[in-house]
Amino acid sequence: MPELPEVETITRLLRQGSDTAPRLVGLVVRDAQVFWERTLETPSIGEFRRRITGQRIRDIRRRGKFILFELTTDTLLIHLRMSGDLLVEAASSPIQPLHRLALYLDYDLRLAFNDPRKFGRVWLVTDAEIVLGSLGPEPLEPDFTAGELHQRLVSHRRQLKPLLLDQSFLAGLGNIYADEALHLAHLHPQTLSDSLSYPQSERLLQSIRTILQEGIRRNGASIDWVYRGGDFQNYFRVYQRTGEPCPECGTPIHRILVGQRGTHYCPICQDGGR
DNA sequence: CACGAGACCTGTTCGC
DNA sequence: TGCGAACAGGTCTCGT
């Protein structure tokens, strides 16, 4: 499901709480259960349960598409991959068939990792850098500059879209927001990265930031049965709008495969000189 | 180094 | 209505 805006939305909800959800910061993990073994990347189930029990949640943050729970001594990292979601529920409520892992917390609360497709992963480590080490820069960090992006772009000769999806190049973009940002930037998804001028790189960074910020403002996108709460899907420019008019010029949106991913773009606005 | 194919998975929607 | 195919917000590994 989730890309940077959805992960950011979930992270904020868990960290700050809401009218309907309690704030998790400050609570202590009292027990843990794993229902699908492969969900837990490291350590073993036994050590996981032993080690996490008794640790307090000091803070909850996001890095790329990872959710980080900073505990007393360790960091718990969760990646939702395609279909994962985190639910806060009463510890006494029944375990759902699609729950893969659960943490039991103070006040009879349970944090459940729900993940139909079983692609999601969880790590408990002393040093989060072991997991996050290869991630590229955060696109919304103010000190990430257009100059830096341009440098990184021209140091590769790759199609723009797969490069934007590469988390070691830039952290947080996924299939939706890459298509949306490329449309806003008027760049063809198959443009070669080393052909971008500095002004084009600048426009790309600005577009990425605009799209991500709008996604966050709308609490992410809710497309199908996975993840509800956001409404950015009502404002898509091109994603899943094959055949519908381009919001800028009216030309029907095209869908092609780029790097095995469905890719939506306007053949006129994003001609890229092709 | 860059890219495509296949793997990991289940649920929903599409097309005949 | 029914049923198989296609498709899905992600990432890894392997072969060319």
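These numbers come from a predicted model, not from an experiment.
At the phosphate of B:dA5, OP1 or OP2 sits under 4.0 Å from a side-chain N or O atom of A:Q260. The shortest distance between the side-chain N/O atoms of A:Y177 and the OP1/OP2 oxygens of C:dG9 is not below 4.0 Å. Distances shorter than 4.0 Å separate some side-chain N or O of A:R261 from OP1 or OP2 on C:dG9. Here A:H156 reaches the OP1 or OP2 of B:dA2: one of its side-chain N or O atoms lies under 4.0 Å away.
With both pairing distances under 3.5 Å, B:dT10 is matched to C:dA8 as a Watson-Crick or G-U wobble pair.
As a whole-Å value, the separation of A:K161 NZ from B:dA2 P is 19 Å.
For A:R158, whose side chain is taken as the heavy atoms from C-beta onward, the closest listed nucleotide among C:dT11, B:dA2, B:dC9 is B:dA2.
Side-chain N/O atoms of A:D74 and A:Q55 include a donor and acceptor closer than 3.5 Å. There is no side-chain donor-acceptor pair under 3.5 Å between A:Y198 and A:Q151.
Distance check on atom P: B:dA5 versus C:dC7 gives 14 Å, rounded to whole Å.
The base of C:dA8 sits with one of its N or O atoms less than 3.5 Å from a complementary donor or acceptor on the side chain of A:R117.
Centre separation under 5.5 Å together with a plane angle under 30° holds for the ring of A:F119 and the six-membered base ring of B:dC8, marking them as stacked.
Under the side-chain hydrogen bond (donor to acceptor under 3.5 Å, both in side chains) rule, A:R237 has a single partner from A:E244, A:E248, A:E180, which is A:E248.
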